[in-house]
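One structure is given here, and the rest of the page talks about it.
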Amino acid sequence: MVDTIERLDKTAHYLKSKIDFVPEIAIVLGSGLGKLADFIEGSIEIPYEEIPDFPRTTVVGHEGKLIFGTLKNRKVVAMKGRFHYYEGNDMDAVVYPMRVFKRLGIESIIVTNAAGGVNTEFIPGHLMLITDHLSFFCENPLRGENIDELGSRFPDMSVVYDRDLRKIAMESARKLGIDLKEGIYSYCKGPSYESPAEIRALRLMGADAVGMSTVPEAIAARHMGMRVLGISCITNMAAGVLDQPLNHEEVMETGKKVEQKFSALVSSIVENWK
Ligand code: HPA
């Protein structure tokens with residue numbers, strides 16, 4: 001798969017021409033969680049459409065740019081707007097940015113998302129540290145000829161979400177007085193929300209939250225040996241938990257309400273990163 005490597009290097013080469021540092025951490029910002037980008041200092045913003053071979057975003061609430069700069073004295077790059085499978089992207093496009101990050105020399109990612117609460121003890125506005133995921137309903141981003149230069153054919157997924165980073169996240173939350181929940185994130189393809197029966201089934205399988213992102217990126221990152229931390233913002237209760245319909249506006253509104261707390265938590269994690 002020389003082609004993919006060539007494309008990745010072309011993209012990485014372009015980005016390197018725009019920045020004079022290698023970020024330590026890449027942060028993927030979920031729906032309604034873009035506010036964190038405002039805290040990045042000395043930022044260099046690069047719209048996706050200017051980046052050679054980079055995919056394009058189509059979702060309302062996802063702007064579509066990379067923001068390179070400094071957060072709490074650490075060099076980071078934030079992705080404002082990610083690529084979802086439900087938009088019609090193939091999995092190569094969904095995980096393309098992770099691969100570019102790795103080619104840039106970045107070794108860690110923080111993936112964030114808006115998610116529905118499957119665990120009935122959660123309420124909208126809770127933040128959940130992802131301890132593991134269910135990928136059963138996700139087309140595997142590694143399907144197809146393996147790109148040996150990126151990673152092995154059958155990568156281990158025993159610990160996708162780095163234990164040490166999770167400890168740092170819990171400790172950061174404790175210091176900030178944030179009640180950070182922990183749980184299992186289940187991927188569903190979307191774009192329609194799940195049915196109540198699907199949510200009951202997911203709960204039986206051990207899911208605490210459900211969403212339409214994160215898992216492909218996490219798998220691709222682990223394939224390349226990157227460290228991964230995942231945080232969900234519970235924006236709504238999943239289908240059937242409450243007797244009310246779900247809508248995207250609710251997701252975006254809750255995102256807005258928690259953006260302060262969310263930004264404080266992620267900033268603190270970055271500050272305490274080891
Ligand atoms: N289901 C799937 N994805 C989501 C949800 C949900 O309830 N809320 C936010 N993203």
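Ligands are counted one by one from 1 in listed order, and the atoms in each one are counted from 1 as well.
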Task: Glu107 and Arg227: CA distance, side-chain angles, deciding distance, side chain to side chain contact (heavy atoms under 4.5 Å, CB included) verdict - done: CA-CA 6 Å; Glu107 296 296 342; Arg227 294 171 83 200; over 6 Å; no
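Atom NZ of Lys167 is surrounded by 12 or fewer heavy atoms from other residues, nucleotides or ligands within 6.0 Å. A 6.0 Å sphere centred on CD of Glu49 holds more than 12 heavy atoms belonging to other residues, nucleotides or ligands.
Using a cut-off of 4.0 Å between Lys/Arg side-chain N and Asp/Glu carboxylate O, Glu253 and Lys256 are scored as not salt-bridged.
Protein neighbours of ligand 1 below 4.0 Å, counting non-hydrogen atoms: Ala114, Ala115, Gly116, Tyr193, Glu194, Val210, Gly211, Met212, Thr235, Asn236, Leu246, Val251.
Using bins of under 30°, 30° to 60° and over 60° for the plane-to-plane angle, the ring pair His84/Tyr86 lands in the parallel bin.
Applying the ring pair (Phe, Tyr, Trp, His ring centres under 6.0 Å) test to pairs two or more places apart or on separate chains, those with a residue in residues 19-51 are Tyr48-Phe54, Tyr48-Phe83.
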